[in-house]
Structures are given as structure tokens and as C-alpha cells.
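Reading through the C-alpha cells given below for one structure.
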Protein chains: 2
Amino acid sequence: MTHDIPPEQACPIAPVVDLVFSRWTTPILWALHEYGRHRFVELERRISTITPKVLTQRLRQLERDGLVVRTYHPEVPPRVEYEISELGRSLAPLFATLAGWSGNLKEVERARESYDSRQHAGGRRP
Amino acid sequence: MTHDIPPEQACPIAPVVDLVFSRWTTPILWALHEYGRHRFVELERRISTITPKVLTQRLRQLERDGLVVRTYHPEVPPRVEYEISELGRSLAPLFATLAGWSGNLKEVERARESYDSRQHAGGRRP
DNA sequence: GATAGTAGGTACCTACAGGAAAGTATTGGG
DNA sequence: CCCAATACTTTCCTGTAGGTACCTACTATC
């Protein structure tokens, strides 16, 4: 063996995955990255299926991780703006790679159809 | 507006994220990609915290999606081998980008410390 | 004084993912 | 006759993420 593998996770990219790809973070980061600054309700409307509670949770988490920046304007009614940070912007090539790979989704679809037809055709799985 | 956004998800990379970054899939794909063919128990030992039930579930899903290839050898006791498919291997640049971004994790750590100290210091969040 | 509008917070509840543990089929070996 | 080994499968159980619904503070406007 070249060097020992940490017993828990043989996967060094797991921390980044947890950070960037936990539930709802991708749509939020994408929205902020693609369409710039957003107010709370604007995000809520854009990601129409998210609930305000969860949106708050995710935004706090992303702010804590330094991926988004929150700006509070003490007006009446209050106004809060969220934008992507410099660190968050550094995820752009990653997102681009992901978007590029999307082209392979049709191949995934074909694989699924093939697999399903094989299963239904009475091919017993030993 | 240049073109309409699908109301549900303003995030075109969501499908890929669901496919590649659902729970446990990253360690499995990483192991198969880095260390080649594995038998069931070998994967079980390498990803020591996964249970056989879940490992089976994920492997089935990955096989159906065409990302891994399962080979059954009808011996006694039976032998099964899993390896990454060509399609799975096409994820390599994505994983490389992720691994590259890992360098920014210390900056995330700093952001967290800064955030936490600001919160504890009595800075009330309006 | 009722209402609207913003940016959340809280209490409660449920569904589902995932964990634990035992079972299954097969056959060679002691 | 029982065990070992492999690759799961099945049953049962629990924790927690996330959803629903309602509540807060603040002021301007009607």
C-alpha cells in the first residue's frame, strides 16, 4: 500500500460535497450566482418549493460557511439582501463542469431503460 | 428577461447533483474509480460505516444509472465484482475539480470561526 | 385600530432514510 | 450434521430533516 486510507471515509471529496451539495444549497447558490443579489422573498419565489423556515436555515449555513454575504438594511419594513461571496464565486468552474456533464443525462436515461427492460424480461438476478 | 425559468427549479444542475451526490454514492464511486474493481465485502470494508443493506441499495441504483457495472460469477460461494463504467469514468474531471476546490476548505473554516465569534460576542442579529 | 408588508422564529408533526440484527441459498469440508 | 463463506434480503425500529401553520416586531397608510 502506498499510504493508509482513513478508515471512515475513503473519499477525500466528501467534505466539499457536504458543504456544497447538501439539500437546497445548490439552487440557492445557483440563483445568487446567475441572477445576482436577491432579497429573501425573491429567493423564496424563485425556488418556489422551499419553505421560509428551511430557506432561513440554509442561508444561515451558507453565510456561516462564507459562501454568501447577508446585508441588513434597517429600514421599515426591513430589507435584507443576499449575494454570493468571492469564495462562493470560486465554485463557478465546478458548476460549469457539472452543467457540462449534464449532456450525459440522456445516456443515464438510456441505461435506466435498458436495466428496467432487462429486469422485467424475466432475467432473474442471481 | 432573456428566457423563462422553469418555476420549480431555477437550477439546471439539480438533476446531476441528485444523480452523483446522493448519500453514499460519492464514496462508492470514488473507491471504484481510485482503486479499481471491488467485491461486495471489499467495498463494505473500505467504506466501513455503511451497512450491507444500504450498500446494496446504492449499488443497484448506480448500476441502473449506468455508472457502475456488476459482474456475477456463478461459483460457490458466489462472487460478484463491481467496477466503474465508462460513463462513470467520465465523472473524473468533475471529481478532480472538487478535489481541487478542497484547498478552499481552510477558508471555510476561517469563515465559520469568524461568524461564530461575531455571534457569541453579543452581536445581536436584527 | 385594522391592515399590509418584510424577514424571519417557534411549536408541532410526519415521512422516509437509514441502522441493527437475523435469515436465505449454495456446497465443500471436517 | 454442522459450520463456513458470500452476497445479499427481510423485518423491525428510530432519528432527524423537513413541512404546516401560526406568531413576532415595526411602522405607514387607510
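Heavy-atom basis, side chains included; hydrogens, waters and symmetry copies ignored. Lettering of chains follows the sequences in order, A, B, ..., and the numbering in each one begins at 1.
Computed from coordinates, the Glu44(B) CD to dA20(C) P distance equals 12 Å when rounded to whole Å. Atom CZ in Arg58(A) sits about 9 Å away from atom C1' in dG18(D), given to the nearest Å. Arg70(B) places its CZ atom 10 Å from the P atom of dA7(D), with the value rounded to the nearest Å. Between the CZ atom of Arg60(A) and the P atom of dA17(D) there is a distance of 18 Å, given to the nearest Å. What separates CD of Glu75(A) from C1' of dT6(C) is a distance of 11 Å, to the nearest Å. Atom NE2 of His38(A) is separated from atom C1' of dA7(C) by 16 Å (rounded to the nearest Å). Atom C1' of nucleotide dT11(D) and atom CD of Gln57(B) are separated by 13 Å, given to the nearest angstrom. In this structure, the CG atom of Leu55(B) is 13 Å from the P atom of dG18(C), given to the nearest Å.
Side chain of Pro77(B), nearest nucleotide from dT6(D), dC8(D), dG8(C): dT6(D). Of the candidates dG19(C), dT20(D), dA7(D), the closest approach to any side-chain atom of Thr51(B) belongs to dG19(C). Each of dG8(C), dT20(D), dA7(D) was ranked by its minimum atom distance to the side chain of Val41(B); first place goes to dA7(D). Side-chain proximity of Arg39(A) to the nucleotides dT6(C), dG19(C), dC8(D) is greatest for dT6(C). Picking from dA7(D), dA7(C), dG18(C) the nucleotide with the shortest atom distance to the side chain of Val54(B) gives dG18(C). The side chain of Arg23(A) sits closest to dG18(D) out of dG18(D), dA7(D), dC8(D). Taking only side-chain atoms of Thr56(B), from C-beta outward, the nucleotide of dG19(C), dG19(D), dT9(D) with the closest atom is dT9(D). Of all nucleotides listed (dA7(D), dG9(C), dG19(D)), dA7(D) comes nearest to the side chain of Pro78(B).
Side-chain heavy atoms closer than 4.5 Å link hydrophobic residues (I, L, V, M, F, W, Y) into clusters, and following such links, even through other members, never connects Tyr72(B) to Val69(B). Residues Leu98(A) and Leu105(A) share a single hydrophobic cluster, defined by chaining ILVMFWY side chains whose heavy atoms lie under 4.5 Å apart.
In this structure Arg79(B) satisfies the salt bridge (charged side-chain N to carboxylate O under 4.0 Å, His left out) test together with Glu75(B), Glu81(B), sequence neighbours excluded.
Cation-pi check for Arg37(B) over Tyr82(B) is not met; the charged atom does not lie both under 6.0 angstrom from the ring centroid and within 45 degrees of its normal.
In this model, no side-chain donor or acceptor of Lys53(A) finds a partner on the base of dG8(C) within 3.5 Å.
One N or O on the side chain of Ser85(B) and one on the backbone of Gly66(B) form a donor-acceptor pair closer than 3.5 Å.
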